[in-house]
Amino acid sequence: QLQLVESGGGQVQAGGSLRLSCVASERSFSNYRIAWFRQSPGKEREFVAAITPSGGTKYYRDSVKGRFTISRDNAENTVALQMNSLKPEDTAVYYCAATSSNTNAPTYYNYWGQGTQVTVSS
């Protein structure tokens, strides 16, 4: 069973940057669409960014376009989320997840990491 482990979270001031990493346990990782989701207290989990198995297509929620970049290295079983120009509203627990479906809806993601906290102070 595919296991995902996130790292790279932390606390930064507004305008700062963080780079999140998601490492998968199996080579089958390269067959999955990988997405980052986030959830803050009292809010539903929301889509942030996704990347297709080949890395050829990327998707972003509108509020992070131009600030966040998703990438993957299938040889290393990793996906990264580079987050620049961070804002207080980006504060949340960030999760990476994998699906064999062609969707950004969290319901269809079968494998999830444990999450990593990102806190942006003003």
Side-chain angles (χ1 to χ4, degrees):
Q1 180 168 337
L2 188 68
Q3 295 183 337
L4 304 172
V5 178
E6 304 98 334
S7 62
Q11 183 167 356
V12 296
Q13 290 190 332
S17 299
L18 283 174
R19 184 177 178 85
L20 305 184
S21 292
C22 174
V23 180
S25 60
E26 299 181 0
R27 298 290 291 179
S28 63
F29 163 84
S30 62
N31 298 325
Y32 291 91
R33 180 187 185 106
I34 304 296
W36 288 93
F37 295 88
R38 66 187 182 188
Q39 188 168 22
S40 52
K43 295 186 178 181
E44 293 187 355
R45 190 167 298 188
E46 63 182 21
F47 167 78
V48 176
I51 189 166
T52 52
S54 68
T57 304
K58 304 174 184 181
Y59 304 86
Y60 299 94
R61 70 179 297 108
D62 287 346
S63 62
V64 307
K65 287 181 180 177
R67 300 189 297 123
F68 291 12
T69 303
I70 190 171
S71 60
R72 71 188 296 160
D73 183 342
N74 286 338
E76 297 293 330
N77 288 3
T78 60
V79 169
L81 184 68
Q82 178 66 42
M83 306 187 295
N84 298 328
S85 302
L86 283 161
K87 303 176 180 180
E89 51 263 43
D90 294 319
T91 295
V93 177
Y94 283 70
Y95 301 88
C96 69
T99 183
S100 55
S101 300
N102 185 26
T103 179
N104 294 331
T107 303
Y108 295 92
Y109 281 73
N110 309 101
Y111 305 101
W112 291 81
Q114 82 289 351
T116 186
Q117 176 71 47
V118 171
T119 303
V120 185
S121 57
S122 58

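These numbers come from a predicted model, not from an experiment.
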Intermediate values then yes/no, side-chain contact (heavy atoms from CB on, under 4.5 Å), Thr91 and Gln117: CA-CA 8 Å; Thr91 295; Gln117 176 71 47; 4.1 Å; yes
Listed partners of Arg19 passing salt bridge (charged side-chain N to carboxylate O under 4.0 Å, His left out), at least two apart: none
Flag, side chain of Asn31 to backbone of Ser100, donor-acceptor distance under 3.5 Å: no
Please determine if Asp90 and Lys87 form a salt bridge, counting it only when a charged side-chain N lies under 4.0 Å from a carboxylate O. no
On the 0 to 90° scale, with breaks at 30° and 60°, tag the Phe68-Tyr94 ring pair as parallel, tilted or perpendicular. tilted
Do Leu18 and Tyr95 land in one hydrophobic cluster if side-chain heavy atoms of ILVMFWY residues count as linked below 4.5 Å? no
Are Ile34 and Arg72 close enough that some pair of their side-chain heavy atoms sits under 4.5 Å apart? yes
Could you check whether the rings of Tyr109 and Phe37 sit parallel, tilted or perpendicular, using 30° and 60° as the cut-offs? perpendicular
Separation between CG of Leu81 and OG1 of Thr69, rounded to the nearest 0.5 Å: 8.0 Å
Strictly distance-based, threshold 3.5 Å: is any side-chain N or O of Tyr60 a donor or acceptor partner for the main-chain N or O of Ile70? yes
Does the side-chain contact (heavy atoms from CB on, under 4.5 Å) test come out yes or no for Val64 and Arg38, once each step is laid out? CA-CA 12 Å; Val64 307; Arg38 66 187 182 188; 4.1 Å; yes
Donor-acceptor check, side chain of Arg61 to backbone of Phe47, threshold 3.5 angstrom: yes or no? yes
Is Trp112 close to Leu4 at the side-chain level, that is, under 4.5 Å between some pair of heavy atoms? no
How far apart are the closest heavy atoms of Trp36 and Cys22, and which atoms are they? CZ2-CB, 3.7 Å
Out of curiosity, Thr107 OG1 to Arg45 CZ, how far, rounded to the nearest 0.5 Å? 10.5 Å
Could you check whether Ser28 and Glu26, counting side-chain N and O atoms only, form a donor-acceptor pair closer than 3.5 Å? yes
What I'd like to find out is whether the side chain of Met83 reaches to under 4.5 Å of the side chain of Val12, using heavy atoms alone. no
Between Arg33 and Tyr59, is NZ or CZ placed under 6.0 angstrom from the six-membered ring centre and within 45° of the ring axis? yes
A side-chain contact here means heavy atoms from C-beta on lying under 4.5 Å apart; do Ser21 and Thr78 qualify? no
Give me the atom names and distance for the closest heavy-atom approach of Asn77 to Ser25. ND2-C, 4.5 Å
Closest approach of Gln39 and Lys43, non-hydrogen atoms and distance? NE2-O, 3.1 Å
Within the side chain of Ser101, is there an N or O that forms a donor-acceptor pair under 3.5 Å with the backbone of Thr103? no
Under a 4.5 Å cut-off applied to non-hydrogen side-chain atoms, are Tyr32 and Asn110 in contact? no
Considering residues, nucleotides and ligands other than Glu76, do more than 12 of their heavy atoms fall under 6.0 Å from its CD? no
Donor-acceptor pair, distance only, cut-off 3.5 Å: does the side chain of Ser122 make one with the backbone of Pro88? no
With distance as the sole test, does Thr99 use its side chain to make a donor-acceptor pair with the main-chain N or O of Tyr108 at under 3.5 Å? yes
Between Ala24 and Leu2, the two heavy atoms sitting closest are CB-CD1, 3.9 Å
Backbone N/O of Glu6 and side chain of Gln114: donor-acceptor pair under 3.5 Å: yes
